[in-house]
A.B. asks: 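The structure that follows is given in the form of structure tokens.
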Amino acid sequence: MTEGFRRTHWAGELRAGHVGERVWVAGWVHRRRNHGGLVFLDVRDRSGVVQVVVRPEDGEAFALAEGARPETVVRVVGHVRARAPQAVNPHLATGEVEIAVERLEILSRPDPLPFLPTDRGVDEAVRLRHRYIDLRRPEMLDNLRLRHRLTRAVRRALDEQGFIEVETPTMTRSTPEGARDFLVPSRLWPGRFYALPQSPQLFKQLLMVGGVERYYQLARCYRDEDLRADRQPEFTQIDVEMAFVEAADVQAAVEAMMARVFEETVGFRLELPLPRLSWRDALDRYGTDKPDLRYGLAAVDVGEAAAQSGLPVLARALAQGGAVRALSVPDAGRLSRRDLDALVAAGRETGAAVVAWIREGDGRLGSSFGAAAPEEALSALRAAAGAAAGETVLVVAGPLAGARAAVGAVRAAAARRLGLVPEGPTPPALLWVTDFPLFEVAADGRLESAHHPFTAPADEDLPALLAGEGDPRAFGSKAYDLVLNGFELGSGSIRIHRTDVQEAVFRLLGIGPERARERFGFLLDGLRAGAPPHGGIAIGVDRLAMLLAGASSLREVLAFPKSASGLDPLTDAPAAVDPEQLAELGIEVRPPAAVSGAEEGRSP
RNA sequence: GGAGGCGUGGUGUAGUCGGUUAACAUACGUGCCUGUCACGCACGAGAUCGCGGGUUCAAGUCCCGUCGCCUCCGCCA
């Protein structure tokens with residue numbers, strides 16, 4: 001080996017077995033302990049930390065070591081030697097050895113840094129502004145590594161199943177429906193815009209028409225909507241599409257992939273096939289289409305008991321065509337009155353007309369139905385709810401949608417307060433939610449696609465759809481969701497591959513032939529070119545990585561995330577551009593006052 | 001678009017009912033220290049309390065506005 005910036009070993013890999021070897025190690029000074037006549041440098045690289053010992057008799061190296069601040073970039077040449085027994089550090093993987101320095105080189109001296117990787121509790125805004133320092137923290141490197149293992153497992157699993165990775169454009173055309181687009185102005189065609197894809201949906205369908213048959217891509221997607229802890233404006237999907245398949249085939253392919261992902265990221269062996277839950281059952285029992293099944297607390301329909309209970313509030317809800325559902329909570333007296341009030345409040349917020357509780361105490365029943373509520377009625381409701389002795393029953397009533405939503409809210413709040421929600425990623429609750437409706441009714445009464453407009457209807461509803469008969473709101477679809485620990489991980493469907501079916505769906509959605517032609521003409525032409533039956537799914541990589549890492553924010557598994565307001569704290573994007581650039585694009589901007597205000601308001 | 005929380009030396013925090021010199025830890029600088037590993041000890045420098053306005057004899061503290069960060073609702077086919 002010749003001179004230069006090379007190294008022979010990773011710092012973190014040195015063990016007793018290396019004792020006596022002459023090694024070259026390079027990295028950052030993690031910590032320095034200067035005892036005057038003896039200096040310890042902890043040298044950190046990607047693999048970990050190793051202690052380097054420098055003594056006055058080491059000459060130049062000693063002078064350099066004394067001046068080596070944390071995060072100085074160094075290379076160390078020296079011999080690995082065993083530490084004296086009393087000097088062994090059991091907390092360090094390399095704690096049995098140290099490097100006796102022979103030569104120390106300073107490769108780069110840092111300015112005083114806003115924070116050090118060893119600092120705890122640094123504000124996230126500061127971390128993001130100086131992400132290159134933050135990424136040196138082992139936790140961040142671990143998250144990046146986990147994400148790498150995740151995408152590697154995806155590629156291996158899909159490759160083995162015969163999928164081909166194909167890239168699709170990120171500069172494409174805006175299609176209506178769905179989220180807002182990010183637009184890219186065209187210089188060659190002033191006044192026209194590309195759009196960044198919200199997903200490669202139409203391209204992957206055309207790849208099926210194109211005979212690719214099995215496609216996948218780790219696709220960047222862009223949606224201009226407000227952010228959340230689990231939502232960034234640009235994100236990555238495992239985009240999958242297959243020809244000549246039914247839903248079960250797509251699901252089987254994804255399950256094999258997920259099994260590999262869990263195995264290679266968190267070392268967990270998934271049991272296959274994954275459980276299936278119909279959309280209707282998910283809503284009836286858990287009050288959400290993405291239930292967290294790491295805990296039970298399933299709701300039961302207690303409409304009959306409610307009708308016979310004589311309780312006026314329940315009778316009223318039923319008379320208005322509503323539903324009454326009940327949830328048995330094994331609280332063993334752990335839920336305080338205040339907890340119960342909070343659960344009731346959580347349920348009320350979602351639009352249930354009634355949220356009440358019935359509990360056992362001192363050998364009699366108490367409830368929030370009021371003192372006048374007959375004990376037999378409460379007892380009958382408890383029995384209908386399947387409550388065991390000591391369990392508290394929560395009753396919700398109202399219009400079906402409100403009652404379902406309340407079940408979901410109360411169930412989640414109860415699980416949280418009872419500590420039923422595990423912290424880490426394993427054991428996971430991964431399942432399929434199937435049999436989504438084809439349409440749902442928007443606030444303004446119009447039909448919208450529950451999944452997206454290219455989702456195939458259920459076979460039994462196809463004739464009615466084509467004939468323009470029946471109630472579209474009752475049509476089923478071939479859509480399915482993959483749900484992990486209460487998060488929607490992915491969404492997929494068997495697609496429409498017949499032009500007449502696609503046109504019928506557009507018609508019901510209020511998309512006329514001209515508009516369909518204008519927006520989706522290339523898809524309709526494709527379907528006319530001999531389209532195979534096909535279907536697929538898109539799975540959120542960021543969200544999956546977040547859950548596997550046990551993180552509570554997407555930002556922890558992204559190297560360079562955006563802030564909650566969509567700003568990039570590192571580059572300060574989005575930023576104003578030169579007037580010349582705008583002129584070239586034929587764009588005039590009315591500068592909002594906020595742009596200059598943002599500059600002044602920024603903290604130094 | 002809406003609601004809430006937060007903003008004080010580089011970093012993380014304290015600062016009571018408005019009151020005199022804004023405190024602590026750490027990082028930073030200088031010196032001492034030969035077995036530490038969150039090394040230790042001493043000394044030093046470092047803040048117009050996010051920004052703008054207002055109330056007051058007096059504002060880090062109260063009021064209004066604004067910017068930023070975080071969380072949630074709306075939104076996200």
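In what follows, chains are A, B, ... by sequence order, proteins preceding strands, each numbered from 1.
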A.B. asks: Would you say A:Arg15's side chain and A:Gly12's backbone share a donor-acceptor pair under 3.5 angstrom?
C.D. replies: yes

A.B. asks: Checking all strands, does A:Glu98 fall into the base, sugar-phosphate, or nothing category for heavy-atom contacts under 4.0 angstrom?
C.D. replies: base

A.B. asks: With a 3.5 angstrom cut-off on both distances, give the Watson-Crick or G-U wobble partner of B:C24, or none if there isn't one.
C.D. replies: B:G12

A.B. asks: Compare the aromatic ring of A:Phe40 with the six-membered base ring of B:U36 and state whether they stack according to the 5.5 Å and 30° rule.
C.D. replies: yes

A.B. asks: With a 4.0 Å cut-off on heavy atoms, is A:Ser493 in touch with a base, just the backbone sugar-phosphate, or nothing at all?
C.D. replies: nothing

A.B. asks: If the condition is side-chain hydrogen bond (donor to acceptor under 3.5 Å, both in side chains), which residues does A:Thr288 pass it with, not counting sequence neighbours?
C.D. replies: none

A.B. asks: Given the structure, check if the side chain of A:Arg83 and the base of B:C37 hold any donor-acceptor pair shorter than 3.5 Å.
C.D. replies: yes

A.B. asks: Any carboxylate oxygen within less than 4.0 angstrom of a Lys/Arg side-chain nitrogen, looking at A:Arg495 and A:Glu241?
C.D. replies: yes

A.B. asks: Whom does B:U56 pair with, Watson-Crick or G-U wobble, provided both distances fall under 3.5 Å?
C.D. replies: none

A.B. asks: Whether A:Arg32 contacts B:C37 is assessed here as follows: a side-chain N or O lying under 4.0 Å from the phosphate OP1 or OP2. Is that the case?
C.D. replies: no

A.B. asks: Does A:Arg83, at its CZ atom, have more than 12 non-hydrogen atoms belonging to other residues, nucleotides or ligands within less than 6.0 Å?
C.D. replies: yes

A.B. asks: What one-letter contact string describes nucleotides 69-76 of chain B from 5' to 3', where B marks a base within less than 4.0 Å of any protein heavy atom, S marks contact via sugar-phosphate atoms alone, and - marks no contact?
C.D. replies: SSSSBBBB

A.B. asks: Check every strand shown and say whether A:Arg31 touches a base, only sugar-phosphate, or nothing at a heavy-atom separation below 4.0 Å.
C.D. replies: sugar-phosphate

A.B. asks: At under 4.0 Å, does any side-chain N or O of A:Arg33 touch on OP1 or OP2 of B:U36?
C.D. replies: no

A.B. asks: For nucleotides B:C49 and B:G12, find the distance between their C1' atoms and express it as a whole number of Å.
C.D. replies: 15 Å

A.B. asks: May I ask you to say what A:Val39 touches in the nucleic acid, namely base, sugar-phosphate or nothing, with a heavy-atom cut-off under 4.0 Å?
C.D. replies: nothing

A.B. asks: For the pair A:Phe203 and A:Phe522, name the ring-plane relationship: parallel under 30°, tilted 30 to 60°, perpendicular over 60°.
C.D. replies: tilted

A.B. asks: With rounding to whole Å, what would you report as the distance between B:G40 and B:G46 at their C1' atoms?
C.D. replies: 23 Å

A.B. asks: Walk me through whether A:Gln232 and A:Arg223 qualify under side-chain hydrogen bond (donor to acceptor under 3.5 Å, both in side chains).
C.D. replies: CA-CA 8 Å; A:Gln232 286 266 314; A:Arg223 293 179 190 173; over 6 Å; no

A.B. asks: Using a 5.5 Å cut-off between ring centres and planes within 30 degrees, is A:His35 stacked on the base of B:U36?
C.D. replies: no

A.B. asks: May I ask you to decide if A:Asp226's main-chain N or O and A:Arg231's side chain share a donor-acceptor pair within less than 3.5 Å?
C.D. replies: yes

A.B. asks: Remember a base hit wins even if backbone is also touched, and classify A:Arg81 as base, sugar-phosphate or nothing at under 4.0 Å, heavy atoms.
C.D. replies: base

